[in-house]
> 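The structure that follows is given in the form of structure tokens.
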Amino acid sequence: MDAWDGAARLTTRPVIIRGDEADEVYQVLLDTNRRGVVFVAGSDDALPLGPWANLIAELTRFTKGVASCYVLDGEATRLLNDRIGPAHAVQPGRLRTYRSQVQPDSAVDGLRHRVLTTERILDEVEHPRLARMLASNAQAQALEQPLPPAVTRVHRLLERMADDLLVNRLGDRSLAPSAVVPSPRLAAAVEAQRGPLRQEVVDAPRSLLLDYLKLKFDLDKLTVDRIDEIANWAEVGRASQETQGDVASRLAQLQTDLDETQTAYRDMIRRLEDEQLENREAVDQLTLAEETVRTLRRQLASSGQADVAWTAQPAEEDVSRPDSFGELLRWMSRLSHVEFTGDPDHAADLDTIDTLGAWASKTWAALLVLQDYAVAKAEGRCDRDVHGFLQHTPDGCHGWPVRRHARDESEEVRSNPAYRKVRILPVPASVDPSGRIFMGPHFKIARSSMVSPRMHYHDDTAQSGRVYVGYIGRHLPTGQTN
């Protein structure tokens with residue numbers, strides 16, 4: 001039968017994609033309703049498509065019904081890579097595992113979607129191990145996903161119904177030991193006695209009441225101890241009825257706490273994964289910086305300037321960083337060509353999440369980039385926009401990874417009224433008479449689950465010579481974060 005995971009087709013063999021059909025794969029990768037992984041194999045015109053598809057089918061044979069798989073021909077591979085960007089591209093002869101929530105505009109996100117190299121794919125000894133690994137990854141992804149909202153609501157409803165049944169049993173007198181009648185004969189006798197006792201108890205003969213008690217509780221003798229025992233049962237029953245409401249309220253509160261804990265747990269798992277990706281990229285950048293310093297020092301030493309190579313230190317203002325967004329906003333006055341026009345509360349909100357100030361430090365580094373960019377434009381050392389400045393940073397200016405900067409928002413955001421509205425941010429009336437302007441360009445400060453702080457700005461260097469920062473805060477809504 002036909003099976004789907006969002007827009008992804010679940011089939012028994014890889015789906016072969018040719019030419020313009022690559023758009024289907026692109027939509028599958030970006031589908032926010034997709035829960036499982038998607039395996040995509042790239043190729044080129046020199047790679048025979050039939051044998052290549054058979055090989056991929058062999059490697060993904062244990063993932064049927066759990067993941068979808070596509071094998072692209074050469075043209076489809078080129079078209080998909082052009083649309084999705086280099087960080088998420090799949091190269092010919094390789095198999096890439098795309099997890100859910102793909103973010104093409106984030107180079108760091110590309111680290112989440114692992115690549116199986118041609119060498120490992122062609123190594124037949126590795127095939128059993130690779131098939132088990134791909135199946136394990138697909139199953140783990142499926143198990144990690146939270147239940148769909150509709151299923152979650154039904155699940156919670158059933159749990160509350162079970163709680164209600166339990167609570168109602170506490171007050172069900174038909175289940176009490178004192179109410180169990182041992183035989184039909186005794187039941188008939190009890191009913192025979194019940195009739196005369198319908199009247200007020202004070203009018204009933206004492207002997208009749210005693211006979212009723214003995215019949216009701218199936219007693220040969222009615223002693224003081226047995227009467228005390230019956231009274232204790234009655235007190236227990238009364239107390240159970242009184243506490244029934246408290247138990248129901250407590251169960252409801254515990255269920256609410258459990259739901260909130262599970263939600264928080266899933267968010268923390270996602271944030272941990274994002275932090276690991278951030279750390280991976282930071283290590284790569286640190287390694288590159290250390291190798292660059294080592295190369296420059298070696299070159300200086302070989303040119304007779306060893307003393308400069310080993311004693312030169314950066315200026316204090318280049319090293320110091322604010323340890324919170326509250327402090328960062330106070331430091332804004334140090335920037336002569338950058339002005340913050342946004343809501344400071346959005347920035348301060350980030351301090352409650354990143355208590356160590358790492359995000360504030362990164363944001364200040366981005367602000368220093370904008371300051372250097374505006375100064376370079378004013379001095380005629382730069383004739384490009386901010387993105388071009390990052391690609392070709394002039395000597396002595398602060399840099400920023402190009403992949404962590406967006407020249408503009410996606411077409412989805414620009415054309416969606418709800419998403420566009422929140423990006424129309426404050427500027428001076430001299431920039432726009434309405435006092436507001438759309439700010440699509442932004443710096444990607446960090447990746448952290450649904451928070452992932454961003455800094456949106458408007459480049460007005462061509463007019464006022466300044467850059468206006470209209471927003472520092474949580475990632476603004478998109479189709480993936482809303």
> What I want to find out is whether R112 reaches D109 closely enough, with some N-O distance under 4.0 Å, to be called a salt bridge.
yes
> So which of H475, H405, H456 actually passes ring pair (Phe, Tyr, Trp, His ring centres under 6.0 Å) with F443?
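Per the ring pair (Phe, Tyr, Trp, His ring centres under 6.0 Å) rule, the option paired with F443 is H405, out of H475, H405, H456.
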> Kindly determine whether Q141 and T97 satisfy side chain to side chain contact (heavy atoms under 4.5 Å, CB included), including the steps that lead there.
CA-CA 11 Å; Q141 165 77 6; T97 303; over 6 Å; no
> A side-chain contact here means heavy atoms from C-beta on lying under 4.5 Å apart; do T461 and H337 qualify?
no
> Tell me, with the steps shown, if L49 and S43 meet side chain to side chain contact (heavy atoms under 4.5 Å, CB included).
CA-CA 8 Å; L49 197 59; S43 62; 4.0 Å; yes
> Please examine the side chains of L116 and F39, heavy atoms only from C-beta on, and report whether any two atoms are closer than 4.5 Å.
no
> Has D20 got more than 12 heavy atoms of other residues, nucleotides or ligands less than 6.0 Å from its CG?
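No, CG of D20 has 12 or fewer neighbouring heavy atoms, counting only those of other groups under 6.0 Å.
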> For Y457 and V338: C-alpha separation, side-chain torsions, deciding distance, then whether side chain to side chain contact (heavy atoms under 4.5 Å, CB included) applies.
CA-CA 10 Å; Y457 69 90; V338 180; over 6 Å; no
> Are the charged groups of E126 and R129 less than 4.0 angstrom apart, N to O?
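Yes, this pair counts.
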> From the options R414, R454, R423, select the one residue that forms a salt bridge (Lys or Arg N to Asp or Glu O under 4.0 Å) with E409.
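Single salt bridge (Lys or Arg N to Asp or Glu O under 4.0 Å) partner of E409 among R414, R454, R423: R423.
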> Do the side chains of S415 and R420 get nearer than 4.5 Å, heavy atoms only?
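Sidechains of S415 and R420: no contact.
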> Is there a side chain to side chain contact (heavy atoms under 4.5 Å, CB included) between L368 and R321? Walk through the geometry before answering.
CA-CA 11 Å; L368 292 177; R321 293 288 186 270; 3.9 Å; yes
> In Å and rounded to the nearest 0.5 Å, what is the CZ to OG distance from R474 to S448?
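The OG atom of S448 is 9.5 Å from CZ of R474, to the nearest 0.5 Å.
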> Contact between D44 and T77 at the side-chain level, heavy atoms closer than 4.5 Å - yes or no?
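When only atoms from C-beta onward are counted, T77 and D44 do not touch, as no gap falls below 4.5 Å.
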> Tell me whether R381 is salt-bridged to D395, with the criterion being a basic N under 4.0 Å from an acidic carboxylate O.
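Result for this pair is no, no salt bridge flagged.
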> If you take all heavy atoms of A360 and L328, which pair is closest and at what distance?
O-CD1, 3.4 Å
> So, for Y471 and H346, which heavy atoms are closest and what is the spacing to 0.1 Å?
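For Y471 versus H346, the nearest heavy atoms are CE1-ND1, 3.5 Å.
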> Heavy atoms, side chains only, cut-off 4.5 Å: are V467 and Q371 in contact?
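The answer is no; the side chains never approach within 4.5 Å.
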> Have Q27 and D31 got a donor and an acceptor in their side chains that come within less than 3.5 Å?
no
> Does any non-hydrogen side-chain atom of L335 lie less than 4.5 Å from one of W364?
yes
> With heavy-atom distances below 4.5 Å as the criterion, would you say the side chains of L29 and Y26 are in contact?
no
> Crowded around E124 CD? As in, over 12 foreign heavy atoms under 6.0 Å?
no
> Any idea which heavy atoms bring W400 and K362 closest together, and the distance?
CZ3-O, 3.4 Å
> Please tell me if the side chains of P441 and R407 come closer than 4.5 Å, counting only heavy atoms from C-beta onward.
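The answer is no; the side chains never approach within 4.5 Å.
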> Which pair of heavy atoms, one from T11 and one from K64, lies closest together, and at what distance?
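Of all heavy-atom pairs spanning T11 and K64, the closest is O-CG, 4.4 Å.
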> If you measure from the Lys or Arg side-chain nitrogens to the Asp or Glu carboxylate oxygens, is any gap between R61 and E58 under 4.0 Å?
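Salt bridge: yes.
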